Amino acid sequence: MQTIDQYNFKGKRAIIRVDFNVPLDKQTFVVTDDTRIRGAVPTIKKVLNDGGSVILMSHLGRPDGKAQEKYSLKHIVSTVEKHIGVPVKFVGDCMGEEAKQVCASLQPGQVVLLENLRFYEEEEGKPYHLGENATEEEKKAAKAQVKEKQKAFVKQLASYADCYINDAFGTAHRAHASTALIAEYFPNDKMFGYLIENELKAMDKVLHQPERPFTAIMGGAKVSDKILIIENLLSRVDNLIIGGGMTYTFIKAQGGKIGKSLCEDDKLELALELLKKAKEKGVKVYLPVDAVNADAFDANANTQITKIDQTPDGWMGLDIAEESIKIFSEVIAQSKTILWNGPMGVFEMEKFSKGTSAIAKAIADATTKGAFSLVGGGDSVAAVNKNKLADKISYVSTGGGAMLEYLEGKELPGIKAIRG
Ligand code: AMP
């Protein structure tokens, strides 16, 4: 497999799948967080500096196969121009005649941005045009029809360029036209951009060459969402810290009182099994020992602190408390590799955000002292950014779902299409 650094783009048109799915202000359509656009800049610059030209393609939001003004990529053109320092020609239909002509006449140094790929059902290969009341038969037929049309869609996108770069990690777990299928048109001219390369490097380091002790911190609402990743990590980590809503399934399974805290009653057995497996593998599991409880799921709820397994009736645990923070922080401080996914509490509400912020700080401190840290998932990344710690984390992943699937050991279609 060739790398972007090995490839010379002189005189070549590169079609780059970027992740420009950025948040926009609802009224003004101004980009409110340009992290993803900045993430694509090194790859775009490499092509331009070599003397090549660039065709950018992306999705924005969920237009479900229909052109919609609010999801137009035209809103982001000026932000892209600002970051790459080159004018960007916007083409308002990724499949039209104009797209063909503009791409055919591209000169070295020029950059084109195609309109939202998901304005076509063919991008995702889903028959969105079908109504809710369609029969199973109709759905099957429509899906087959979209898949057939998808072939022409992929072929046309591929015809615009001489080489293909995938730099959209956030959608690498989807087998869409632009993230996976297009690669087959470029058997010798396909590669990852720098952003995906760096994501893979960070994840592979954590999975395959972790310096020890290796600590994984899992939080968030549900155990059911994290079972696969926890299972895969049990044969790799030394310590597993569990926080967030999923804590209570483990606590109840062990006979604790959890009041009306979040709990998945059908996962109690599984929680015990995970704890047993961890023990067999010599993994130390740290569950919270105390919690900030609330009398309602509300930002202004009354609060009290109790031991984690003594939540009174009518109360629910919404954050980890001081003693847990102390224990978790000590484990983190002694770790050399740290992986974090999922908040320790309902961090969106100020009263229940302390635990998550404290863990973000502990990870940043450990990183400053030489540990390698990888943080992923929308909420954990938001907590890192809120505490202005992004530059103190070794790698902040841009793809929550894609990162989880990779760490679960799954093969991501967008990665396989290039790696083979
Ligand atoms: P996830 O998407 O599974 O990573 O879960 C993230 C969500 O879990 C966030 O919106 C948090 O507010 C929520 N969460 C974290 N801790 C708790 C808790 N103790 N009780 C209820 N929800 C929680």
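All ligand and atom numbering here is 1-based and tracks the order in the structure. What you see is a predicted model, and the numbers here were worked out from it, not measured in a lab.
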Under 3.5 Å between any N/O of [X] and any N/O of ligand 1: does that happen in this structure?
| X | value |
| --- | --- |
| Ala221 | yes |
| Lys226 | yes |
| Met344 | no |
| Phe297 | no |

Worksheet entry | Tyr194 six-ring face occupied by Lys46 cation (under 6.0 Å, within 45°) |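 Here Lys46 fails the 6.0 Å and 45° test against Tyr194.
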Item to complete: Please write down residue, atom name and distance for the protein heavy atom closest to atom 19 (N) of ligand 1.
Response: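 That would be Gly317 O, 3.0 Å.
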Practice prompt. Around atom 23 (C) of ligand 1, find the nearest protein heavy atom and jot down its residue, atom name and distance.
Written response: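 For atom 23 (C) of ligand 1, the nearest protein heavy atom is Val346 CG2, 3.5 Å.
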Item to complete: Could you walk me through whether Glu264 and Lys222 pass salt bridge (Lys or Arg N to Asp or Glu O under 4.0 Å), step by step?
Response: CA-CA 7 Å; Glu264 289 169 277; Lys222 292 185 178 170; 5.4 Å; no
Worksheet entry | Test: Arg174 and Glu124 ion pair at under 4.0 Å |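 Salt bridge between Arg174 and Glu124, a charged N being under 4.0 Å from a carboxylate O: no.
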Item to complete: Decide, yes or no, whether a salt bridge links Arg17 with Glu123 under the criterion of side-chain N to carboxylate O below 4.0 Å.
Response: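 Glu123 and Arg17: salt-bridged.
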Worksheet item: Is there side-chain contact between Ile37 and Phe20, with at least one heavy-atom pair below 4.5 Å?
Response: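 Side chain of Ile37 against side chain of Phe20, heavy atoms only: contact under 4.5 Å found.
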Worksheet entry | Best match, Cys263, Gly345, Gly219: closest heavy atom to atom 14 (N) of ligand 1 |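 Among Cys263, Gly345, Gly219, the closest heavy atom to atom 14 (N) of ligand 1 belongs to Gly345.
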Discussion item. Which option wins on minimum heavy-atom distance to atom 18 (C) of ligand 1: Gly245, Ser224, Ala382, Pro288?
Written reply: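 The option holding the nearest heavy atom is Gly245.
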Quiz question: by atom type and distance under 3.5 Å, do the side chains of [X] and [Y] form a donor-acceptor pair?
| X | Y | value |
| --- | --- | --- |
| His129 | Glu121 | yes |
| Thr43 | Asp167 | yes |
| Ser373 | Thr367 | yes |

Could you see which bit of [X] sits under 4.0 Å from ligand 1, with heavy atoms only: side chain, backbone, both or neither?
| X | value |
| --- | --- |
| Met316 | neither |
| Asp379 | side chain |
| Glu348 | side chain |

Worksheet item: Which ligand 1 atoms are under 4.0 Å away from a heavy-atom of Gly244?
Response: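 Those qualifying, in numeric order: 16 (N), 19 (N).
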Practice prompt. Find all atoms of ligand 1 within a distance of less than 4.0 Å from any non-hydrogen atom belonging to Gly220, and give their numbers and elements.
Written response: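 In order of numbering, the contacting atoms are 1 (P), 3 (O), 4 (O), 5 (O), 6 (C), 8 (O).
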Worksheet item: Taking atom CD of Glu269 as the centre, does the number of heavy atoms from other residues, nucleotides or ligands within less than 6.0 Å exceed 12?
Response: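 No, the 6.0 Å shell around CD holds no more than 12 heavy atoms from other groups.
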